[in-house]
Amino acid sequence: MNKYVSTPVRKRDAMSLVTGQPVYTSDLLPAHCLTVKLLRSPHASAVIKNIRTETAKKVPGIACILTWEDVPNVRFTQAGQTYPEPSPYDRLILDRRIRCEGDPIAIVAGETQQAVDTALRLIKVEYEVLEPLLDFTKALDNPILVHPEDDFKALCDVGADNKRNLCSCGINQDGDIEAELADCDIVIDQTYHTLSNSQAMMETFRTFTQLDAFGRLQVTSSTQVPFHVRRILSNALQIPKNRIRVIKPRIGGGFGAKQSAVSEVFPAIVTLKTGRPAVIEYTRTESMTNGSPRHEMQIHIRLGADKDGTIRAIDLHTLSNAGAYGEHGPTTVGLSGHKSIPLYGSVQSYRFQWDVVYTNTMSGGAYRGYGATQGIFALESAVNELAAKLNIDPTVLRSKNMVKQGKVMPAYYGEMLNSCTLDKCMEKAKAMIEWDKKYPAQQLDNGHIRSVGVAMAMQGSAIANVDIGSAEIRLTDEGFYILLIGATDMGTGCDTILAQIAADCLDCDLEHITVQGVDTDVSPYDCGSYASSTTYLTGMAVIKTCEEIRAKILSQGAAMLNCEQENAEFDGAVVRNLKDGTSVALSEIGYVSLSGKYPVVQACVSHTSPVSPPPFMVGIAEIDLDPETGKVELVDYAAAVDCGTVINTNLARVQTEGGLVQAIGMTLTENIQYTKKGNLINHSFMQYKIPTRLDVGRIQVEFESSYEPTGPFGAKSIGELVINTPAPAITNAIYNATGLNFRSLPITSEQIAMGLLKKQTNG
């Protein structure tokens with residue numbers, strides 16, 4: 001019987017966060033830190049002809065001003081991925097060629113913000129302004145090249161070709177897709193479009209750096225990937241990794257944005273040049289203009305089915321906009337097909353093709369859902385269109401075709417599905433929302449329309465055969481444990497969840513587990529917090545480490561009792577001699593292990609997985625639509641989730657609610673727009689509307705647990721899955737209210753009102 005797993009344990013850092021304790025990067029700044037800011041380009045495409053910094057350097061308090069001539073001329077990627085990174089090496093610290101608005105021109109460091117701001121205004125730059133390439137649908141083989149350089153390189157074969165504006169391309173298929181489609185009774189042939197989205201985390205990108213007593217570069221940063229940051233800085237700065245130490249404090253939100261090393265290199269190069277501590281804090285505008293947002297994608301789908309609703313074929317092509325640089329471009333696109341097509345176990349043949357192209361817009365990056373969000377919006381919308389065309393309830397159509405446990409999934413890397421309650425999730429979500437009473441729509445007395453819409457989703461749990469999680473546990477001289485992890489708690493509560501797992505494995509109180517955050521000099525290696533990997537992967541590393549340290553405690557306790565190990569047992573508090581009943585307390589074992597008489601009791605184990613078991617969910621939206629204004633209000637959202645065994649019910653529910661709210665914004669309000677010159681319009685919360693609590697109505701979350709044999713206590717992931725259903729579900733509800741299919745996000749009130757007006761006009 002587990003004492004802590006599957007219980008609503010409060011986050012370990014909850015009180016320090018809500019009481020405003022100094023836990024974030026900016027709370028920990030060393031004294032006399034130089035302020036670092038970037039001079040950024042106002043142009044989307046240009047070449048710097050000349051830059052004059054002489055006057056700016058004379059401003060009192062300016063410590064250094066760096067241009068492309070003062071920094072290493074070596075290409076690297078900011079993508080926080082396992083080496084060799086699939087993302088091309090296409091970026092310089094500072095470059096003469098400008099590839100998007102906000103590209104850095106110069107790094108300015110000074111004693112005060114006022115001095116730096118004055119110096120920034122005094123730098124004079126002469127540009128040769130070039131025509132920008134802004135339309136990603138016209139980027140492939142366009143005469144305008146975003147990356148014409150000859151030293152462009154990709155470490156992995158991802159189909160990159162900078163002379164064609166290609167960041168990546170490829171194809172994956174099973175069966176004869178054309179023959180299968182030709183034999184289908186009905187084919188849905190449509191194109192869907194999603195825009196770039198900002199993660200909009202509360203804490204913007206920020207980093208401070210300093211030299212330690214031995215001259216090593218110490219980097220304290222709000223990052224999801226400390227070990228990857230160390231490698232990225234080593235590549236960019238051309239210094240050995242052993243001269244770099246990365247420390248991660250609490251993170252004020254990441255959602256994937258901080259899986260790229262957006263801010264770290266700039267204060268680091270200042271510290272190396274001046275020997276002084278340095279800090280950079282991005283403004284909200286910088287974070288939204290030059291962060292690492294979700295990739296814009298256009299997805300063309302051909303969906304083939306029989307008249308009875310059996311889905312037989314899926315042909316999916318994704319065109320993804322990498323933007324100015326290729327961070328995460330080759331990897332996000334894969335999820336658009338590999339995490340959507342496998343939802344349908346009835347499929348006899350599929351084809352998935354992709355092209356990722358460069359443009360002169362802000363570069364994309366990792367954002368919760370990581371490409372699956374875009375692909376699931378497209379495929380689930382196509383399935384809803386199929387249901388409407390066949391006049392079949394879309395929940396019934398899905399139940400007929402959905403993947404089931406025990407099924408091999410060709411489009412999901414050929415993996416066997418060992419845990420799945422997707423069918424139960426569908427039934428539970430329908431009951432939660434009272435689908436059978438409300439589908440498809442009801443006319444209200446005030447003229448509004450109430451309607452419902454449905455979608456289902458899957459994700460993964462870590463990257464199979466790539467990601468690594470590690471844990472180290474030390475027994476102290478008072479009989480409690482120190483748990484060291486390399487995984488990054490970015491507000492998700494993984495420190496708490498991993499402590500719950502350890503406490504149950506070690507049969508001790510939760511308070512006896514002290515969790516230490518990430519320090520690359522101290523923590524065991526972990527790829528970081530991304531790809532929904534932490535609970536599943538690092539959780540298993542914790543279990544293995546607990547098994548090893550329990551064996552060592554038992555061995556040492558038996559030796560202290562002068563008995564054979566097989567005649568002793570450890571119950572979490574004492575090691576007992578089963579023959580004579582004598583015992584030795586855990587605290588005594590801890591004391592003597594530090595006395596020199598017995599070995600120190602500690603263990604460190606890493607874990608990787610050959611599979612990535614998918615979690616599943618069904619989401620159903622109920623909306624209130626005003627046909628006169630087109631305004632949509634979300635009344636209710638029912639989410640039924642299969643994440644295997646739920647480790648912490650409170651945190652799993654909060655994760656689900658947060659992901660749903662982000663996706664609601666993506667669907668209805670978050671609208672990225674550029675001027676004809678490539679300048680981003682929506683660069684603050686005045687222009688970029690994210691939902692508040694008042695915008696999302698009621699959210700219901702329930703769990704339909706399965707048991708995943710490869711996960712800790714049967715757990716799978718949850719963090720990314722939960723963002724994937726609102727877009728197609730809300731879009732389906734809008735169709736059920738209006739008869740209008742919207743295939744581009746966001747769906748605005750104006751679009752709905754004008755669509756209804758056009759529909760009425762045309763009779």
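Along the sequence shown, residues are numbered consecutively beginning with 1.
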Minimum heavy-atom separation for Ala733 and Ala621, please, with both atom names. CB-O, 4.2 Å

The test is side chain to side chain contact (heavy atoms under 4.5 Å, CB included); show your working for Cys494 and Thr538 and say whether it passes. CA-CA 9 Å; Cys494 78; Thr538 310; over 6 Å; no

When you measure from the side chain of Arg368 to the backbone of Gly719, do you find a donor-acceptor pair of N or O atoms at a distance under 3.5 Å? yes

Provide the closest heavy-atom pair for Asp306 versus Cys184 in the form atom of the first, atom of the second, distance. OD1-CA, 4.3 Å

Please check if the side chain of Ser349 supplies one atom and the backbone of Ile177 the other of a donor-acceptor pair under 3.5 Å. yes

Give the table of side-chain donor-acceptor pairs shorter than 3.5 Å for residues 424-433, with sequence neighbours excluded, one pair per line with atom names and distance.
from, atom 1, to, atom 2, distance (Å)
Lys428, NZ, Glu704, OE2, 3.2
Lys430, NZ, Thr395, OG1, 3.2

Can you find a side-chain donor-acceptor pair between Thr361 and Thr359 that sits under 3.5 Å? yes

Ion pair present between Asp189 and Arg302, side-chain N to carboxylate O less than 4.0 angstrom? no

Does a side chain donor of either Ser336 or Gln374 reach within less than 3.5 Å of an acceptor in the other side chain? no

Contacts satisfying side chain to side chain donor-acceptor pair (under 3.5 Å) that involve residues 725-737 (not counting sequence neighbours) are Tyr637-Thr725

Considering only residues two or more places apart or on different chains, which pairs with a residue in residues 298-332 satisfy ring-ring contact (aromatic ring centres under 6.0 Å, His included)? His147-Tyr325, His328-Tyr370

Quick one, Ile672 and Tyr688 - any side-chain contact, counting heavy atoms below 4.5 Å? yes

Does His338 have any side-chain contact (heavy atoms from CB on, under 4.5 Å) partners at least two apart in sequence or in another chain, and if so, which? Asn172, Phe352, Tyr413

Do Ser705 and Thr421 have side chains that approach each other closer than 4.5 Å (heavy atoms only, starting at C-beta)? no

Minimum heavy-atom separation for Ile730 and Leu668, please, with both atom names. CG2-CD2, 4.1 Å

Contacts of type side chain to side chain donor-acceptor pair (under 3.5 Å), residue Asp183, not counting sequence neighbours: Arg312

For Asn418 and Thr710, test the side chains for any donor-to-acceptor distance below 3.5 angstrom and give the result as yes or no. no

For the pair Gln173 and Asp315, evaluate side chain to side chain contact (heavy atoms under 4.5 Å, CB included) and give the outcome as yes or no after the intermediate values. CA-CA 9 Å; Gln173 61 186 8; Asp315 186 22; over 6 Å; no

Answer yes if the side chains of Ser717 and Gln459 hold a donor-acceptor pair under 3.5 Å, and no otherwise. no

Please evaluate residues Met297 and Phe136 with respect to the criterion side chain to side chain contact (heavy atoms under 4.5 Å, CB included), reporting the C-alpha separation (whole Å), side-chain torsions for both, the decisive distance (0.1 Å), and the verdict. CA-CA 9 Å; Met297 291 187 186; Phe136 79 120; 5.6 Å; no

Run Thr488 and Tyr530 through side-chain hydrogen bond (donor to acceptor under 3.5 Å, both in side chains) and show every step you take. CA-CA 9 Å; Thr488 303; Tyr530 62 90; over 6 Å; no

Just jot down the side-chain contact (heavy atoms from CB on, under 4.5 Å) partners of Ile752, sequence neighbours excluded, or say none. Leu625, Val632, Ile734, Thr738, Phe742, Ile747, Leu756

Is the shortest distance from a Lys or Arg side-chain nitrogen in Glu622 or Arg698 to a carboxylate oxygen in the other one below 4.0 Å? no

When rounded to the nearest 0.5 angstrom, what distance separates OH in Tyr367 from CD in Glu720? 11.5 Å

With the side chain counted from C-beta on, respond yes when Val454 and Trp435 share a heavy-atom pair under 4.5 Å apart, and no when they do not. yes

Looking only at side chains, do Gln81 and Thr331 share a donor and an acceptor under 3.5 Å apart? yes

How far does CG of Asn648 sit from OG1 of Thr535, to the nearest 0.5 angstrom? 9.0 Å

Ile718 side chain reached by Pro615 side chain, heavy atoms, under 4.5 Å: no

Testing the basics here: between Pro613 and Ser461, what is the closest heavy-atom pair and its distance to 0.1 Å? O-OG, 2.7 Å

More than 12 heavy atoms from other groups under 6.0 Å of NZ on Lys404: yes

Looking at side-chain heavy atoms only, is the closest gap between Lys339 and Thr373 below 4.5 Å? no

Nearest 0.5 angstrom please: Glu415 CD to Ser612 OG, how far? 6.0 Å

Here the gap from Leu660 atom CG to Thr667 atom OG1, rounded to the nearest 0.5 Å, amounts to 10.5 Å

Any luck finding a side-chain donor-acceptor pair between Tyr536 and Ser609 under 3.5 Å? yes

Flag the pair Thr669 / Pro746 as yes when at least one side-chain heavy-atom distance between them is below 4.5 Å, and no otherwise. no

I'd like to know whether Cys156 forms a side chain to side chain contact (heavy atoms under 4.5 Å, CB included) with Glu85, so could you lay out the CA-CA distance, the side-chain angles of the two residues, the decisive distance to 0.1 Å, and finally the verdict. CA-CA 7 Å; Cys156 300; Glu85 307 95 328; over 6 Å; no

Least distance between heavy atoms, Ser363 atom then Glu327 atom: OG-OE1, 3.9 Å

Are side-chain heavy atoms of Ser706 and Lys716 found at a separation under 4.5 Å? yes

Is there side-chain contact between Pro614 and Leu417, with heavy atoms separated by less than 4.5 Å? yes

Considering non-hydrogen atoms only, spot the tightest contact between Tyr350 and Pro410 and give its length. OH-O, 3.3 Å

Around Lys138, counting heavy atoms of other residues, nucleotides and ligands shown, do more than 12 lie under 6.0 Å from its NZ? no

